[in-house]
Amino acid sequence: MIIKKLIGQVTPEEKNEIQTLFERRNGLNELAKILTADNAELYEKLVKDLGETGAKFQGWWDHMAEKYQWEGTANGNWEINFDTCEIYLVTNE
Amino acid sequence: MQKRLFYKNPPLLLLFIKMMEKLPIKSSDNVWKAGNAKEITFIVTKDCQLACKYCYLVGKNTKERMSWDVAKKTIDYILDKEEEFREESVVWDFIGGEPFLEIELIDKICDYIKIEMFRKNHHWFNSYRFSFATNGINYHDVKVQNFIKKNRSHLSIGITIDGTELLHDMNRIYKNSCKGSYKDVVKNIPLWLSQFPEGATKVTIASDNIPYITESVLHLYSLGIHDVNINCVFENVWKEGDDILLENELIKLADEIIEHKLYEENNCSFFWEELGKPMDRVKDNMNWCGAGKMLSIDAAGNFYPCTRFAQYSLREKKAWIIGNIHDGIDKNKTRPFLTLDRCTQSNAECIDCEVASGCAWCQGENYDAADTPTAYQRATAICKMHKARVRANNYYWNKLYRKLELEGIAKEEAEKHVKMSNHEIC
Amino acid sequence: MLQYLIIQLDDTSTSYCHYENGKMERRLMALEDLKAGILFAMKENLMIQFVYPDYVLPQEYKDAINSIDHNDIVSSSCEDMSLREKADVVVFNSWASVEQNGFQDATVCVLRTTKADLLDKYLLLKPVLSTVTRLNVVITDVDTFTGQDFEDYKKVLASLSEEVEKLYIESKSPQLNQLTDRMLLDKMNNCNAGWENITLAPDGKFYVCPAFYLAGDDEDFGLGKAKYSIGDLQNGLDVKNPQLYKLEFAPLCRKCDAYQCKRCVWLNRKTTYEVNTPSHEQCVVAHLERNASRDLLNNIRKHGTFFPQREEIKEITYLDPFDIKEQ
């Protein structure tokens, strides 16, 4: 059973940051499905970007969790509602 | 979340925004990046399996299929002009005819767009969608499904289904056999909804199908389509008495929705709280339509302010071309659209109309129906149908709110509201 | 409200504005149409402006024309010398015609010029400013202006402005449409064809302006024929979408303060497809003139009181009102 618990809220500016990273990460993942190592230059750029974006993405959550002192659990993850800027703790019990 | 307002007393509005957020009524979903996204439409083909009786595309044909060369030149032109396309986001839209007839071309286009946006470090790489309105007939096709898997997180796909088999097959018929297409569409709805649970459909109402609206909307809800966008055609097709028929039919629909609490999970665009209010000449003077802000490209590589200005959409007028892939956009040709406002194109009756809000128009139909080649003459064929809709809409919200109030759902909020209201007056 | 009737007497009548008249074959308006046009103007209380061909009109035409108060617009190459001498407006269709005939003193002169010729020969205008009653410079290819042309035109205006300023200091009152009109206006003073004036053509039909008659039968601006009539003498006026010729129905222009702009509906139709929407080029040219007028007014006022009742022309940061339109 999935349980969603409201644990906090970020500012619209903070939401925009993570939304942009989220969109970029999705874009890179879908690009990875069609780019091959044959296109060496672009492939290298993609791999580098995936790493950087992933790091920024995780960095945002780490930074916000510390800033707002969000509750967390070992078997759960955080989710953001882009419409409301609300943060949820989602656990699978 | 879209705020729902239905109280007529202006000072109370702000309070009711809060109040309605707590009411058990489903709101319609926001359009992705509404107002901040550039919409670029590829008319990939003018062919379609169907020959829907109400289709505004009068010039469909099998010959005008977009070539890869035209598509590539279009993308190169647009992505090379990043300084001129400053919108935060982009919707790459594919239209026909039936767009999925050209799934191989579309797949190639989308791959190229993704690669080029990334290669050029284009700001749209961080915010784009691929959008489709399809008749759903070949939705299950393996090529379409592979495309969906490949681009899942950037897709918006709407399947058009008009309602019950009877209604759907009255209009949406195959072009060669005149056979209805309902069965071939409905079998794909579960697959579509499993991939796009928030999928919405668009229903078009013409004179002959007014009596079937209620059962059709309810049928769509029962299929699991919770957002039904429905509108009367803008063309001058309405017969004497159609407005009364529509009003009665919508009241019947309102009763069904309210009685069975369908408002909790479903949305029907015919009922909208902000419908039917007077509009201020200054504050509410925006144009309804986005023609000119959008960009459409056809197989010949011509640019249009929207698809409705391409020749295959026009009955009476010549295509309104604003440029092409070789010479680019002639910005002078887009100026009339980008300076259009509500009052300048409306007659005095429309400007002073007491139920003006929500009365839509199609810029292309305005142009096609105008006395001169202008986008500045608003067509009013829909007037009596809008007024009928307003009456039924008023009925719906008055009845729904009263019901909720009697059920006690809104009671506390209403009491707070009265207190606050008095406080404000003091 | 309709105030003027322009009567294009012949297919070869001179152009006096942005449009070209390429017609070489004479087609004189039927005498009965001329008389009917004059009667129409009398009944509608319209001032008539006759636009003449270069050849001498038959006497019965002159008699009809003289039956009503009117203005005469003739070309500098008109063969009817007496008409040319007493004409209200004399049009020079090229710099060659200026060299050939010279500007006529104490007359309103119109110089129709290409931008290239104007940028090249504008210095020749300086001596003329003190002799003619008024000089209207009409650029015939406004729609071809590009970025560098705008810069060059700005310099031309600044140079002509120095001459006008000098003449004002000498207590003369030169009139050059590009520079002096805006100084003396406090509201729009556009051409207003189709709204305040219409044209009767040799075919007995009404047109928005002569340009809409002179366009070729097959000429197409993109959305349909460039040539269309707005009624005829038998059935009267029938203007479709008449509101679109009015200032209040021109979203860009109704808030604009380049009051001297012609707001040419024919150029609008040609460049943007809509009679109520000006092109970028027309707007920028008009604003360069507006800004040059502003500088001129400020410079003249440095020498003493000058039209104190007129407000200062404000400094603005744009050249095309489209760039600051409300979103």
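Heavy-atom basis, side chains included; hydrogens, waters and symmetry copies ignored.
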Is it true that [X] and [Y] have a side-chain N and a carboxylate O under 4.0 angstrom from each other?
X: C:K270; Y: C:D143; answer: yes
X: B:E235; Y: B:R308; answer: yes
X: C:D238; Y: C:K240; answer: yes

Contact part of C:N268 toward chain B, heavy-atom cut-off under 4.5 Å: side chain, backbone, both or neither?
neither
At a heavy-atom separation under 4.5 Å, does C:L244 approach chain B through its side chain, its backbone, both, or neither?
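The side chain, not the backbone.
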Given the options B:D330, B:L340, B:T344, which has more heavy-atom pairs under 4.5 Å with chain C than any of the others?
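The candidate making the most pairs under 4.5 Å is B:T344.
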Under a 4.5 Å cutoff for heavy-atom pairs, which residue among B:I321, B:D371, B:T334, B:T372 has the most contacts with chain C?
B:T372
Tell me whether the guanidinium CZ or amine NZ of C:K205 lies under 6.0 angstrom from the six-membered ring centre of C:Y213 and within 45° of its axis.
no
If we ignore hydrogens and angles and just use 3.5 Å, is the side chain of B:H386 paired with the main-chain N or O of B:V355 as donor and acceptor?
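Checking the backbone N and O of B:V355 against the side chain of B:H386, a donor-acceptor pair under 3.5 Å is found.
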So, B:T374 side chain and B:Y376 main chain: donor-acceptor pair closer than 3.5 Å or not?
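Checking the backbone N and O of B:Y376 against the side chain of B:T374, a donor-acceptor pair under 3.5 Å is found.
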So for B:A375, is it side chain, backbone, both, or neither that comes closer than 4.5 Å to the heavy atoms of chain C?
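When you check distances to chain C, atoms from both the backbone and side chain of B:A375 fall under 4.5 Å.
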Given a strict heavy-atom distance threshold of 4.5 Å, which part of B:K317 is in contact with chain C: side chain, backbone, both, or neither?
neither
Leading residue by heavy atom contact count with chain B [cutoff under 4.5 Å; candidates C:P278, C:G224, C:A250]
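Answer, by heavy-atom pair count under 4.5 Å with chain B: C:P278.
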